[in-house]
Amino acid sequence: MGFGSADGSGRQAQFNSPSGVAVTADGETVYIADTGNHKVRIAVLTPGTDAREPDNWTVSAIAGTGTAGNGMGPGNTATLNEPFGIAIEGDSVIPITERAGNRVRQII
């Protein structure tokens, strides 16, 4: 499948230049810096299923509107400018770097 920004199962989801990933300790949640779409996405494994099967994952956007910007706000109302690096800090803070925005931001 080509690049895009579709959410859905792991088989249906589309990305545009994903660059950074961070995985929770249990391996059941993956955060993705979807650089070309100006979004941070999350892939969650359906509990008790085989992680190797793409349809067992659900992908959705958790931050960014898809338009480059520097607007602050909750989740999908914030605008990001090419999120690039991503990490997991504790249980609820996701620091990200922006390649074009030249800054570090947090998703809480």
Please determine which of Ile62, Val21, Asp34 meets the side chain to side chain contact (heavy atoms under 4.5 Å, CB included) test together with Arg41. Asp34
Closest approach of Gly8 and Ala13, non-hydrogen atoms and distance? O-CB, 4.3 Å
Which heavy-atom pair separates Val104 from Thr97 by the least distance, and what is that distance? CG2-CG2, 4.0 Å
Do you see a donor-acceptor pair shorter than 3.5 Å between the side chains of Asp7 and Ser60? no
Verify, without hydrogens or angle tests, whether Ser19 (side chain) and Phe84 (backbone) share a donor-acceptor contact under 3.5 angstrom. yes
Would you say the side chain of Arg105 lies within less than 4.5 Å of the side chain of Leu80, judging by non-hydrogen atoms? yes
Check whether any side-chain heavy atom of Lys39 lies under 4.5 Å from a side-chain heavy atom of Pro83, and answer yes or no. no
Are Ile94 and Ile96 close enough that some pair of their side-chain heavy atoms sits under 4.5 Å apart? yes
Just wondering, do Val40 and Ile107 contact through their side chains at under 4.5 Å, heavy atoms? yes
In the structure I gave you, are the side-chain heavy atoms of Ile88 and Tyr31 within less than 4.5 Å of one another anywhere? yes
Are any side-chain N or O atoms of Glu98 and backbone N or O atoms of Asn81, one a donor and one an acceptor, separated by less than 3.5 Å? yes
Does any N or O in the side chain of Asp50 come within less than 3.5 Å of the main-chain N or O of Asn56, such that one atom is a donor and the other an acceptor? no
So, do Thr46 and Trp57 sit near enough that their side-chain heavy atoms are less than 4.5 Å apart? no
Which pair of non-hydrogen atoms, one from Arg99 and one from Thr35, has the smallest distance, and what is that distance? NH2-CG2, 3.3 Å
Using modelled atom types only, decide if a donor and an acceptor are shared between the side chain of Thr79 and the backbone of Gly64 within a distance under 3.5 Å. no
What distance do Gln12 atom CD and Asp55 atom CG have between them, rounded to the nearest 0.5 Å? 7.0 Å
If you take all heavy atoms of Pro18 and Ile32, which pair is closest and at what distance? CB-CG2, 3.8 Å
Val23 versus Gly27, closest heavy-atom pair with distance: CG1-CA, 3.7 Å
Just do the side-chain contact (heavy atoms from CB on, under 4.5 Å) check on Asn70 and Arg103 with the steps written out, would you? CA-CA 10 Å; Asn70 62 2; Arg103 61 191 165 160; 2.6 Å; yes
Close side-chain approach of Thr29 and Leu45, heavy atoms under 4.5 Å: no
Return yes if some donor-acceptor pair links the side-chain N/O of His38 with the main-chain N/O of Thr67 below 3.5 Å, else return no. no
